[in-house]
Amino acid sequence: MLNRARLVAASYLTRTLELDRRLGAAHLDRHLVDGDPASNIGNWQWVAGTGANPRRGTALNSDRQARRFDPGGEYVARYQRRSTAR
């Protein structure tokens with residue numbers, strides 16, 4: 001899972017759904033084969049607005065992130081097909 005996708009998911013879960021960042025961090029820790037504990041926890045803290053360098057009150061805009069980092073929509077299309085095919 002790309003780091004940018006992790007950040008967008010973390011932002012949605014913590015900012016929009018107001019879930020505790022530790023729930024998301026624990027989930028990714030259990031399920032990602034490429035998970036790095038320090039990076040995972042640090043990213044969740046940063047997105048949730050906690051930790052040493054907080055982003056208080058700022059949510060990542062998933063549409064803007066897609067335009068900036070996946071302008072052709074290849075990444076989104078690839079994984080959207082997988083999730084809807086189940």
Side-chain angles (χ1 to χ4, degrees):
M1 181 176 195
L2 292 175
N3 186 54
R4 185 60 46 180
R6 295 176 200 193
L7 292 174
V8 170
S11 178
Y12 178 74
L13 293 171
T14 59
R15 301 301 184 144
T16 304
L17 299 181
E18 298 181 353
L19 295 175
D20 189 308
R21 64 163 177 84
R22 293 171 291 197
L23 296 172
H27 179 79
L28 288 186
D29 229 15
R30 283 191 306 275
H31 296 284
L32 290 177
V33 296
D34 65 342
D36 172 20
S39 179
N40 184 36
I41 292 168
N43 281 340
W44 280 90
Q45 286 179 340
W46 180 73
V47 170
T50 62
N53 186 17
R55 301 176 59 248
R56 289 187 175 85
T58 304
L60 292 176
N61 182 312
S62 58
D63 291 332
R64 182 171 181 236
Q65 296 294 310
R67 283 193 306 273
R68 288 180 67 198
F69 298 100
D70 186 28
E74 292 89 5
Y75 181 84
V76 170
R78 177 180 178 186
Y79 291 99
Q80 187 174 28
R81 280 193 302 269
R82 280 188 181 177
S83 66
T84 58
R86 291 180 183 175

| task | Answer yes or no: is there a side-chain heavy-atom contact under 4.5 Å between Leu32 and Arg6? | result |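 Yes - at least one pair of side-chain heavy atoms lies under 4.5 Å apart.
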| Under a single-linkage definition using a 4.5 Å side-chain heavy-atom cutoff for Ile, Leu, Val, Met, Phe, Trp and Tyr, are Leu28 and Leu19 assigned to the same hydrophobic cluster? |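 Linked within one cluster.
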| task | Decide if atom CZ of Arg64 counts as having more than 12 heavy atoms of other residues, nucleotides or ligands within a radius under 6.0 Å. | result |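 Check fails, neighbour count at 12 or below.
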Roughly how far, to the nearest 0.5 Å, is [atom2] of [Y] from [atom1] of [X]?
| X | Y | atom1 | atom2 | result |
| --- | --- | --- | --- | --- |
| Asn61 | Gln65 | CG | CD | 7.5 Å |
| Leu13 | His27 | CG | NE2 | 9.0 Å |
| Trp44 | Asp29 | CH2 | CG | 11.0 Å |

| query | Considering all heavy atoms of both residues, which atom of Arg21 and which atom of Ala48 are nearest to each other, and what is their separation? | reply |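 Heavy atoms only, the tightest pair is CB-CB, 3.8 Å.
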| message | So which atom in Tyr75 and which in Ala5 form the shortest heavy-atom distance, rounded to 0.1 Å? | response |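 Smallest interatomic distance, heavy atoms only, reads OH-CB, 3.6 Å.
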| field | N/O donor-acceptor pair under 3.5 Å between Asp70 side chain and Glu74 backbone | value |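 Yes.
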